Amino acid sequence: QAQLVESGGRLIKAGGSLRLSCAVSERVFRSIAMGWFRQAPGKEREFVAAISLSGDSTNYADSVKGRFTISKDNAKNTVYLQMNGLKIEDTAVYYCNTGPNIGSLATMRTFGAWGQGTQVTVSS
């Protein structure tokens with residue numbers, strides 16, 4: 001199973017920006033699509049964004065479209081989530097995971113075990 005290490009979360013004021021990182025082994029990074037997910041207190045984990053293996057295609061939840069951008073750095077085997085215009089309702093633990101394609105990731109079809117995630121807290 002792929003080991004996924006998320007980082008970059010912190011306390012931030014509404015309207016601010018954050019960039020989350022997800023580091024993964026090269027073997028996995030170069031063989032599979034990847035996505036970001038989040039789980040707010042008392043809620044189910046939900047899909048946020050996904051990027052194809054090639055990086056040419058992306059998919060976003062409606063709630064983050066136009067504000068969040070997923071990208072990948074092949075040299076660093078890392079997937080990023082740039083979050084702009086953060087809202088209080090974006091507060092959650094953010095996780096990354098792998099999947100067969102961006103469509104499957106959007107329906108929560110993932111391959112790997114969930115990591116510890118990174119906490120994003122947006123304050124007013």
Side-chain angles (χ1 to χ4, degrees):
Q1 283 186 335
Q3 183 175 8
L4 307 162
V5 181
E6 304 96 341
S7 62
R10 63 178 178 89
L11 174 64
I12 190 166
K13 288 198 172 183
S17 297
L18 272 181
R19 189 178 78 162
L20 306 183
S21 301
C22 172
V24 65
S25 68
E26 179 177 3
R27 180 183 63 80
V28 172
F29 183 84
R30 296 182 185 280
S31 64
I32 214 163
M34 293 195 66
W36 283 97
F37 304 81
R38 66 187 182 186
Q39 187 168 20
K43 294 189 175 181
E44 296 284 323
R45 187 174 287 148
E46 64 178 3
F47 168 76
V48 175
I51 189 165
S52 64
L53 172 60
S54 68
D56 292 341
S57 298
T58 56
N59 194 0
Y60 295 94
D62 288 342
S63 59
V64 306
K65 276 181 184 175
R67 299 189 298 123
F68 290 11
T69 302
I70 188 170
S71 63
K72 58 193 305 186
D73 185 332
N74 292 334
K76 297 183 178 180
N77 300 327
T78 300
V79 175
Y80 301 102
L81 185 68
Q82 178 66 43
M83 306 187 294
N84 299 328
L86 282 161
K87 303 177 181 179
I88 292 175
E89 51 263 42
D90 294 319
T91 294
V93 178
Y94 283 72
Y95 303 86
C96 62
N97 212 322
T98 59
N101 54 63
I102 60 174
S104 296
L105 286 166
T107 61
M108 303 298 290
R109 277 189 57 207
T110 59
F111 282 158
W114 296 99
Q116 293 190 336
T118 186
Q119 176 71 50
V120 173
T121 303
V122 185
S123 65
S124 58

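Only a predicted model underlies this, so the values are computations on that prediction, with no experimental measurement involved.
When all heavy atoms of Ser104 and Thr107 are compared, the pair lying nearest together is O-OG1, 2.8 Å. Contact between Gly117 and Val93 at its shortest, heavy atoms only, is CA-CG1, 3.9 Å.
Hydrophobic clustering (ILVMFWY, side-chain heavy atoms < 4.5 Å, transitive): Val120 and Leu4 are in one cluster. By the criterion of side-chain heavy atoms lying less than 4.5 angstrom apart, applied directly or through intervening Ile, Leu, Val, Met, Phe, Trp or Tyr residues, Val48 is grouped together with Leu18 in one hydrophobic cluster. Both Tyr94 and Ile12 are assigned to one and the same hydrophobic cluster, defined by single-linkage of ILVMFWY side chains at heavy-atom distances under 4.5 Å.
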- Query: Under the side-chain contact (heavy atoms from CB on, under 4.5 Å) criterion, do Gln116 and Tyr95 qualify, and how do the steps go?
  - Reply: CA-CA 7 Å; Gln116 293 190 336; Tyr95 303 86; 6.0 Å; no
- Stepwise side-chain hydrogen bond (donor to acceptor under 3.5 Å, both in side chains) check, Asp73 with Thr78: CA-CA 5 Å; Asp73 185 332; Thr78 300; over 6 Å; no
- Message: Could you walk me through whether Ser52 and Asn101 satisfy the side-chain contact (heavy atoms from CB on, under 4.5 Å) test, starting with their C-alpha distance in whole Å, then the side-chain angles of each, then the deciding distance to 0.1 Å, before giving a yes or no?
- Response: CA-CA 6 Å; Ser52 64; Asn101 54 63; over 6 Å; no
- Task: Step by step, work out the salt bridge (Lys or Arg N to Asp or Glu O under 4.0 Å) result for Asp62 and Lys65.
- Result: CA-CA 5 Å; Asp62 288 342; Lys65 276 181 184 175; 3.2 Å; yes
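You'll find the side chain of Val64 stays beyond 4.5 Å of the side chain of Leu81, heavy atoms only. A 4.5 Å side-chain heavy-atom check between Ile70 and Tyr60 finds at least one atom pair inside the cut-off. Side chains of Asn74 and Phe29 form a contact here, defined as non-hydrogen atoms less than 4.5 Å apart. Between Ser17 and Gln82, some side-chain heavy-atom pair lies under the 4.5 Å cut-off. Proximity of Met108 to Arg45: side-chain heavy atoms (C-beta onward) are separated by under 4.5 Å at one or more points. Counting heavy atoms from C-beta outward, Met34 and Asn97 have side chains that stay 4.5 Å or more apart. At a threshold of 4.5 Å between non-hydrogen side-chain atoms, the residues Val79 and Trp36 count as touching.
Ring planes of Phe47 and Phe37: perpendicular class, angle over 60° (limits at 30 and 60°).
Taken from OH in Tyr80 to CG in Leu20, the straight-line distance is 11.5 Å, to the nearest 0.5 Å. The CG atom of Leu105 sits 8.0 Å away from atom CD1 of Ile32, with the distance rounded to the nearest 0.5 Å. With rounding to the nearest 0.5 angstrom, the CD1 atom of Ile51 is 11.5 Å from the SG atom of Cys22. Atom CZ of Phe68 and atom OG1 of Thr58 lie 14.0 Å apart (nearest 0.5 Å). Rounded to the nearest 0.5 Å, atoms CD (Glu6) and SG (Cys96) are 4.0 Å apart. Atom CG of Leu53 and atom NZ of Lys72 lie 5.0 Å apart (nearest 0.5 Å).
When only modelled atom types and interatomic distance are considered, Thr121 and Gln119 share a side-chain donor-acceptor pair under 3.5 Å.
Applying the side-chain hydrogen bond (donor to acceptor under 3.5 Å, both in side chains) test between Arg38 and each of Thr118, Asp90, Thr91 identifies Asp90 as the sole match.
No more than 12 heavy atoms of other residues, nucleotides or ligands lie within 6.0 Å of CD in Glu44, so this atom counts as exposed by the packing criterion.
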